[in-house]
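All remarks here apply to the structure that follows.
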Amino acid sequence: MNGLFVTGTDTEVGKTAVAGALAWAFRRRGIDVGVMKPVATGCRREEGGLVSDDARRLLEAAQAADPLDLVSPYRFAPPVAPLVALQQGSSISLDRIEEAFRALSDRHEILLVEGIGGLLVPLDAEATVADLARRLRLPLLIVARAGLGTINQTLLTLEAARSAGLEVLGVVLNRRPPRPSLAERTNPQVIESRGKVPILGVIPDLSAPSPGRLAAHLKAGEILDRLRSRPVEERRRIRRLARLDRRRIWHPFTQMADWAKGEPLVVESGEGVHLTDTKGRRYLDGVSSLWVNLHGHANRDLDAALRGQAGRIAHSTLLGAANVPSIELAEELARIAPPGLTRTFYSDSGSTAVEIALKMAFQYWRQNGSPRRRRFLHFVNAYHGDTIGSVSVGGIDLFHRTYRPLLFKGFKVPSPYCYRCPLKLAYPSCGIACLKPFEKAVRAHRREIAAVVVEPALQGAAGVITQPKGWLKRVERVCRKNGLLLIADEVAVGFGRTGRMFACEGEKVRPDFLCVAKGLSGGYLPLAATLTTERIYRGFLGSHGSLRTFFHGHSYTGNPLACAVALENLRIFRRERVLERLKPKVRLFAEELKRFSRLPHVGEVRQRGLIAGIELVKEKRRKAPYRWEEKIGIRVCQFLRGRGILLRPLGNVIVLMPPLAISADQIRLLCREACAAIEAVTRG
Ligand SMILES: *Cc1c(COP(=O)(O)O)cnc(C)c1O
């Protein structure tokens, strides 16, 4: 799709005149040019409906004869902003505009799309003109009025365009008076140098409305050349990126020999729960970009928080100084965390958050009278990250086996996996008998154990293996009775994923350490925190010479950009009542998930909040798993990719973990498509 989005620094700056003149000039050069004025206000009522004079003028200049419903899918009579013209409760669908745009693109070589007002004009309660330009993936031509104030207006528009991720082709200045003042004469150069943008025309007089006359003042040839070379350059760029990815990048948890054979999906932009790749294909992000995103991509408020902080400072260290956002965030975390967790230690990933909790627990006992407590008790199928310390307390053989010689030894005990209960028992009549080995290990080693490390509610990376009700509470009780510290790893389940802010709340568990990362920054930036109690904190106090200091820290600890975004993430929870609005979504999700259980190759469907794991089995009655080589999960996800849905499996488990911002319709779509994909792939 090729085209240009004509926008202005203001309304009434001559966008339609410039777009018309360009259409005329292109047409004269033999280009089949189409026009679009997707949202038109101030329309006249005629027989057959509302008619936009602007759209008519554009069509005339382009000598195009497309139906008005494609050229202007949204037409309003009042000459006011679309947001105001819209009837209460209705909205403007970018999908619908994009559809019309695609239809027109099929008919023409180049499309000129005229925006409405300036970039930040709201189209409806959600979208702005900039969002529309972003969606159509078109470069901008900015029309500005020549005269006093032009520089400021134009530079502001350029800034808005660039911070919305838009490409600017150039600027056209309008209505330069016959005897320009010094300002008007120098404006173009200042805009070019300060805005780093070419001036593609200076039009003296708009009152002579013939497009041909106006076109004489535009660098139409240059604009056309740029537009015509774009598709070629674009294809070259896409191929180059794919090639370089294969040549330069080593992807995590990926067999690169397989990767090199395939075509990489290169994500270029996002919007809400959708991702767009370099080829312009849109995907529903069904795993929240690996469990991190909460409120959608390119979230307006998070973007603004990020930019606002970038305008102040991007980074300063917490070693020897404090910074504003990290203080505010720590206060907010203490407010929302389970009671007693009042101290925050920052780092940058879930792995380091866990690593820090381990080191703190270890050192705490060392300098508080129990130096023999230096081992960790952890669970089979646990995943706590990929650094050596966090792998040492992990329990997924597939990931961890190789590194065993590097790891420190702890006590690994079974965790619940009700679907494949090794004791062949059933909940609740089992009385959670799988806790016995845990209790036994504690009895035997209580004086050697520093802490118990656990993922509350479910073991995510092992395949969303959910814990039976009461399991976590009993783990906590055993810890309390035996004086063990409890480390809760809420890196995956924290921040609303399970329907509660933290999964610990589900069983009113109060850990000594709470590790958070992934969703902490709303899925924007690498940020993690290890929260702990005053008791642990005080265990590190002493004189300088006592060496009770916690000797740990990262260069980017407490990064202000990440903390500012995280703070806004938490504000969104409050302002938009995210947890409350999640409840009906979770119910709908549960309802929609029922369809999976009926499939012949679905063994179990496990759900907590907006997290679901669908375990595929080769043979349902015997619960026989697919073999690793069969890549069943990978194949289902590949199938879904072709249907515009992005998922990442865990072995034979299909994981659905959409952003909390997902809508009811999108939940239905996600489940319907995933179900169809499983059916299609397992049948084959
Ligand atoms: C993802 C994850 C981690 C590791 O977090 P990273 O930011 O990837 O290092 C730790 N624990 C759990 C439960 C996780 O899901």
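Whatever order the structure lists them in is the order used to number ligands and atoms, beginning at 1.
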Exercise for the section: Starting from atom 2 (C) of ligand 1, find the nearest protein heavy-atom neighbour and note its residue, name and distance. Expected result: Lys518 NZ, 2.5 Å
Practice task
Over 60° means perpendicular and under 30° means parallel, so classify the ring planes of Phe376 and Phe408, tilted if in between.
Solution key: tilted
Exercise for the section: Name the closest protein heavy atom to atom 12 (C) of ligand 1, giving the residue it belongs to and the distance to 0.1 Å. Expected result: Asp489 OD2, 3.4 Å
Practice task
Distance to 0.1 Å, residue and atom name: give those for the protein heavy atom nearest to atom 9 (O) of ligand 1.
Solution key: Ser351 OG, 2.6 Å
Problem - Student check: side-chain heavy atoms of Tyr346 and Thr530 closer than 4.5 Å - result: no
Problem - Short N-O contact, Arg474 and Glu439, less than 4.0 angstrom - result: yes
Practice task
Among all protein heavy atoms, pick the one closest to atom 5 (O) of ligand 1 and tell me residue, atom and distance.
Solution key: Gly350 CA, 3.1 Å
Handout entry: Structural part of Ala517 in contact with ligand 1, heavy atom criterion under 4.0 angstrom
Key = neither
Handout entry: Main-chain N/O of Gly410 paired to Glu448 side chain as donor or acceptor, under 3.5 Å
Key = no
Practice task
Please say whether the positively charged group of Arg374, taken as NZ for Lys or CZ for Arg, lies over the ring of Phe362, i.e. under 6.0 angstrom from the six-membered ring centre and within 45 degrees of the axis.
Solution key: no
Exercise for the section: Examine Lys518 relative to Phe495 and say whether NZ or CZ is less than 6.0 Å from the centre of the six-membered ring and inside a 45° cone about the ring axis. Expected result: no
Fill in the blank from the handout: ligand 1 to Gly385, heavy atom cutoff 4.0 Å, flagged ligand atoms 4 (C), 10 (C)
Handout entry: Any N or O of Glu455 closer than 3.5 Å to N or O of ligand 1
Key = no
